[in-house]
*Asks:* 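Below you'll find the structure I mean.
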Amino acid sequence: MRMLTLALLTLTGCPKDPGETGGFPPVCNDGTQWSDGQPSFQDATAAWGLDAINAEATRINAVDFDGDGWTDLALRRATDAPDDFSDGGTRNAWLLRNNGQGGFEDVTESSGIRSARAGDNSRGGQVWAFADADNDGDLDVFISIADTSAAYDETSELLLNNGDGTFSLGNAGDDIRYNGDTAPAAASWVDVDRDGYADLWVPENYMQSRLYKNDGDASFTDITYDANLGTAAWSSVEVINSGEAHAVTWSGLACDLNNDGWAELMAASYGRAPNLLFQAESDGTYTNRSVDSNYAFDHRQDWSDNESARCWCKLHPEDDDCEGVPNPAISCNSDSDAFRWSHDSDREPYRLGGNSGATTCADINNDGWMDLLTSEIVHWDVGSSSDPAELLFNQQQSDVVFERPGNEVTGLVREHTVVSWNDGDMSNAVFDFDNDGWPDPFIGSSDYEGCRALLWHNQGDETFVPVPYDMGLDHTRSHGVGVADFDRDGDLDVVLGHSSSRCEDDCYETFNVRMFENIAGEGGNFVQLALEGVAANRAAIGARVTVTAGGVTQTQDIGGGYGHYGAQQDLTLHFGLGTACEADVTVRWPDSDLSEQTFTVGGGYRYWVAQGSDPVPEAL
């Protein structure tokens, strides 16, 4: 994050007082809104040189790590193994610097972001999350080893940004380096006590998830149990059904869901285990509302269309609840054919949930309350009880609760061309791709034949229509997503990863990430806001920004990381304005007082906003 004074040096055609609220005269266009048959993105992978870099990544962070105003990429493969930087050596992570000229430079080795305690660049780790942990004006990064059973001889680490494009290892004796029984599967920066320093939520897989408090000097103390975040081992069905057992974490998230200024903590679970949601209380503790919020699993608990269950009941008609269960459509001659079913446990609520890949927090219906978009792996033969990827709408209550209207209602449906389909939904994001002022949901589906990138257009009434593949993000086996205005032309571009798992004919010849430049939003109206906290944490993570333009009010938060084994979108917020060309902005800063700042800006520019100061405009 660069200092705001630098923005003044790049202004062109600015008024005599560039700090004047509103900055340049507004840029007024007719506005853009996608319609069926209109192209929305174009593949620009080769133009950006990403085919030559050949970064085979499914974990993606889109962040400006060097603070030059151009969004960079942090990419990882699905492994904790370190990099071999020798010629022809195997690479597992890439830090790519946006050169501001339509290309990226691989600075992984020179940056020291793979620094190890041994004094070399041999450190691994696939979960990455960026924040300004020491409040010195640049982004630091937490990196964790997800698989501690492997012989990597490393722990989780905080790497501090030196301000010159390089990183150094943090405090060697820190709690954040905890290396006992641990398996981090996600990380989210969040100022849980609003003291002006970013804390860290680290959900773990089958282990106790952990909350680390920033002590104010980029050192951390484990406060998990003090905050009442303890969960239990998988000891009984009752404990698991109640959402009180450890998560089988595949994703984490921190987000204020009840508008009280305190962020809730979440962990999404794989393995048909409950997703966990901890509601923040004002005394610094948390209440487990996983089940009561409807986040743990959905209400669909009819297992009688599960083909394996039908097979079991055909072979064991005398078993409980088997009477009236239809015959299966699969071959069913022995118990081994019921391979996805245990009649003793699979009728329990926790086993009738989903396999959650990622959860995104976004105000999808522009009502001022954060909703959730989930991604789930679903197999055709499991039936309707398996939670699909879907939208959860916030019911605006002080005790967090969501409604799941279902994809048949919202329109988040897809065509399955074969009977034996699989939805490998693991990645997701929400962003306004056409600058019409309404955020659009994206799901990355991978690892099975026919899976691909899925984008829907928000109709403004809690319904969505699919953007055809050949009109949008035409990308098969889509796993990992980064969203930002990479080329700084006023609309949001998308970088997508590609998984090589279970490859069939629909996999690409190479597995490098691909850049899709936005064309649907070209000529649209927008405003971009880059925030810097003063009383709040300097990266302003957790700041809530509302933008009102053309009778529509949008709400976005600055996020500190989410998603499947670490994902993060640009900390510079982008708002499409529809046909409007100016906007009223309110920033609720995540400081002790939840102080607010309001101002009016003209569309067409990026504004740098230091807490308590007038916005400084910059032409893109």
Side-chain angles (χ1 to χ4, degrees), residues 129 131 133 142 174-176 178 182 184 186-204 207-216 219-233 235 238-247 249 251-269 274-296 359 361 369-370 372 394-402 536-537 541-544 557 559-562 588-594:
F142 170 76
D174 208 290
D175 280 3
I176 211 170
Y178 176 77
T182 179
S188 299
W189 290 96
V190 51
D191 188 353
V192 295
D193 53 2
R194 303 205 311 260
D195 66 348
Y197 298 95
D199 311 303
L200 187 63
W201 167 237
V202 184
E204 305 215 14
M207 304 286 182
Q208 174 63 56
S209 297
R210 297 187 175 273
L211 178 62
Y212 299 97
K213 174 177 167 48
N214 190 330
D215 296 326
S219 62
F220 293 80
T221 300
D222 187 338
I223 62 168
T224 303
Y225 294 104
D226 291 341
N228 196 35
L229 289 166
T231 49
S235 57
E238 290 75 20
V239 168
I240 303 170
N241 280 341
S242 64
E244 296 174 353
H246 298 330
T249 301
S251 170
L253 179 63
C255 180
D256 178 10
L257 298 172
N258 57 1
N259 286 3
D260 65 354
W262 304 103
E264 278 61 58
L265 305 178
M266 286 162 275
S269 287
N275 301 324
L276 302 187
L277 186 152
F278 300 96
Q279 180 172 299
E281 308 297 343
S282 59
D283 63 358
T285 66
Y286 292 82
T287 300
N288 190 327
R289 286 191 55 80
S290 305
V291 175
D292 291 342
S293 66
N294 292 327
Y295 179 60
T359 300
C361 174
W369 294 73
M370 290 297 166
L372 301 177
N394 195 321
Q395 296 305 288
Q396 305 184 8
Q397 298 182 24
S398 58
D399 286 332
V400 177
V401 63
F402 295 96
N537 71 90
I541 287 172
R544 176 154 295 183
D557 288 354
Y562 77 104
R588 188 189 72 180
W589 295 95
D591 59 17
S592 60
D593 298 324
L594 290 179

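Since the model is a prediction, treat every value here as computed from it, not as a measurement.
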*Asks:* Sub-3.5 Å donor-acceptor pair from the side chain of Ser219 to the main-chain atoms of Asp215, do we have one?
*Replies:*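 No; judged by distance alone, with no hydrogens or angles, the pair does not exist.
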
*Asks:* Tell me, please, which residues at least two apart from Arg194 pass salt bridge (charged side-chain N to carboxylate O under 4.0 Å, His left out).
*Replies:* none

*Asks:* When you measure from the side chain of Asp199 to the backbone N and O of Val192, does any donor-acceptor pair fall under 3.5 Å?
*Replies:*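 Such a contact is found between Asp199 side chain and Val192 backbone.
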
*Asks:* List for me each residue that meets salt bridge (charged side-chain N to carboxylate O under 4.0 Å, His left out) alongside Asp557, sequence neighbours excluded, and say none if there are none.
*Replies:*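 Per chain and number, Asp557 pairs via salt bridge (charged side-chain N to carboxylate O under 4.0 Å, His left out) with Arg544.
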
*Asks:* Please name all residues satisfying salt bridge (charged side-chain N to carboxylate O under 4.0 Å, His left out) with Asp222, sequence neighbours left out, ordered by chain then number.
*Replies:*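 Counting only residues at least two positions away or on another chain, Asp222 forms a salt bridge (charged side-chain N to carboxylate O under 4.0 Å, His left out) with Arg210.
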
*Asks:* Does any donor atom in the side chain of Thr231 or Gln208 lie under 3.5 Å from an acceptor atom in the other side chain?
*Replies:* yes

*Asks:* How about Tyr562: does its OH atom have over 12 heavy atoms from other parts shown lying under 6.0 Å from it?
*Replies:* yes

*Asks:* Let me know which of Asp193, Asp226, Asp175 forms a salt bridge (Lys or Arg N to Asp or Glu O under 4.0 Å) with Lys213.
*Replies:*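 Per the salt bridge (Lys or Arg N to Asp or Glu O under 4.0 Å) rule, the option paired with Lys213 is Asp193, out of Asp193, Asp226, Asp175.
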
*Asks:* For Ser209, check side chain to side chain donor-acceptor pair (under 3.5 Å) against everything at least two apart and list the hits.
*Replies:*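 Scan of Ser209 (side chain to side chain donor-acceptor pair (under 3.5 Å), adjacent residues dropped) gives none.
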
*Asks:* Would you find a donor on one side and an acceptor on the other, under 3.5 Å apart, between the side chain of Glu204 and the backbone of Thr249?
*Replies:*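 Absent.
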
*Asks:* Can you list the residues that meet the side chain to side chain contact (heavy atoms under 4.5 Å, CB included) rule with Phe220, with sequence neighbours excluded?
*Replies:* Ala133, Leu158, Asp174, Ile176, Trp189, Tyr212, Asn214

*Asks:* Backbone N or O of Glu238 within a donor-acceptor pair of the Ser242 side chain at under 3.5 Å?
*Replies:* yes

*Asks:* Hey, are Asn288 and Glu244 close enough side-chain-wise for a donor-acceptor pair under 3.5 Å?
*Replies:* no

*Asks:* Does any donor atom in the side chain of Asn275 or Ser269 lie under 3.5 Å from an acceptor atom in the other side chain?
*Replies:* no

*Asks:* When you look at Gln397 and Asn258, which way does the side chain to side chain donor-acceptor pair (under 3.5 Å) test go after all the steps?
*Replies:* CA-CA 6 Å; Gln397 298 182 24; Asn258 57 1; over 6 Å; no

*Asks:* Which residues pass the side chain to side chain donor-acceptor pair (under 3.5 Å) test with Asp256, sequence neighbours left out?
*Replies:*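 Testing Asp256 for side chain to side chain donor-acceptor pair (under 3.5 Å), a comparison that skips the adjacent residues, returns Arg588.
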
*Asks:* Can you see which heavy atom on Leu200 is nearest to which on Ala187, and at what distance?
*Replies:*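 What the structure gives for the nearest pair is CD1-CB, 4.3 Å.
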
*Asks:* Is there a side-chain contact between Val401 and Tyr295 in this structure, where contact means two heavy atoms from C-beta onward sitting under 4.5 Å apart?
*Replies:*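 Val401 vs Tyr295: side chains apart.
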
